[in-house]
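Heads up: the structure comes next, in structure tokens.
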Amino acid sequence: EGLYSDGTGFYIDGGRDAHAWVSGWVARVGWYGSYGRCVIIMDDDARYWLYSHLSETYVKPHETVAAGTKLGHTGTTGFAETERLCIQIF
């Protein structure tokens, strides 16, 4: 099981809450290999937004979220060596 990245990714410094950049449906919440604890949202255009390395999550699978919804808090889970949030679009 894995996701192919097209190279579109954003890194945000740690120490803050992670908010959804888009509205959509929560496809996955939990541990995901090297991404650590994550939230994956599918938007209206069927793109997947992966928010990874979270220390905690605040949403549940199959929930509908609006842009700006608090998803979790930045962390060092997975292969992250410093506290951060990585957002990738698939």
Side-chain angles (χ1 to χ4, degrees):
E1 171 182 36
L3 293 175
Y4 170 77
S5 173
D6 66 0
T8 305
F10 304 92
Y11 288 89
I12 298 169
D13 290 337
R16 59 187 69 175
D17 288 323
H19 295 85
W21 287 14
V22 295
S23 59
W25 177 76
V26 179
R28 182 181 185 128
V29 176
W31 197 267
Y32 197 50
S34 62
Y35 295 111
R37 187 173 291 116
C38 69
V39 173
I40 300 176
I41 296 175
M42 184 176 75
D43 69 17
D44 293 337
D45 294 323
R47 286 184 300 241
Y48 289 92
W49 294 70
L50 170 70
Y51 301 80
S52 60
H53 308 301
L54 302 172
S55 62
E56 53 188 320
T57 55
Y58 307 138
V59 294
K60 296 181 177 158
H62 313 294
E63 193 175 325
T64 300
V65 295
T69 299
K70 190 186 308 183
L71 303 174
H73 193 79
T74 57
T76 56
T77 61
F79 286 176
E81 295 180 3
T82 59
E83 187 174 348
R84 66 177 166 186
L85 169 67
C86 176
I87 300 170
Q88 290 182 283
I89 306 163
F90 301 94

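These values consider heavy atoms only, across backbone and side chains, with no hydrogens, waters or symmetry-generated copies. Nothing here was measured: the structure is a model prediction, and the numbers come from that model.
Ring geometry for Phe90 versus Tyr35: interplanar angle over 60°, hence perpendicular rather than tilted (30 to 60°).
Taking NE2 from His73 and CZ from Arg37, the interatomic distance works out to 12.0 Å, rounded to the nearest 0.5 Å. One distance of note links CD1 of Ile87 with NE2 of His19; it measures 11.0 Å at 0.5 Å rounding. Of the inter-residue distances, the one linking Leu54 atom CG with Trp31 atom CH2 reads 10.5 Å to the nearest 0.5 angstrom. Rounded to the nearest 0.5 angstrom, Ile40 CD1 and Trp25 CH2 are separated by 10.5 Å.
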* **side-chain contact (heavy atoms from CB on, under 4.5 Å) evaluation trace for Ile41 with Leu71** => CA-CA 10 Å; Ile41 296 175; Leu71 303 174; 3.9 Å; yes

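Without hydrogens or angle criteria, Asp43 side chain to Asp45 main chain gives a donor-acceptor distance under 3.5 Å. When atom types are taken as modelled, the side chain of His53 and the backbone of Leu85 share no donor-acceptor pair closer than 3.5 angstrom.
One hydrophobic cluster, built from ILVMFWY side chains closer than 4.5 Å, holds both Val39 and Val22. Criterion: ILVMFWY side-chain heavy atoms under 4.5 Å apart, direct or through other members. Under it, Ile89 and Val29 are part of a common hydrophobic cluster.
Considering all non-hydrogen atoms of both residues, Lys70 and Val59 come closest at O-CG1, 3.9 Å. The two residues Arg84 and Thr74 have their closest heavy-atom pair at O-CB, 3.8 Å. When all heavy atoms of Ala66 and Ala20 are compared, the closest pair comes out as O-CB, 3.9 Å. Considering every non-hydrogen atom in both Cys38 and Ser52, the closest pair reads CB-CA, 3.9 Å. Residue Ala46 comes nearest to Met42 through the heavy atom pair CA-CG, 3.9 Å, listed as atom of the first residue, atom of the second, then distance.
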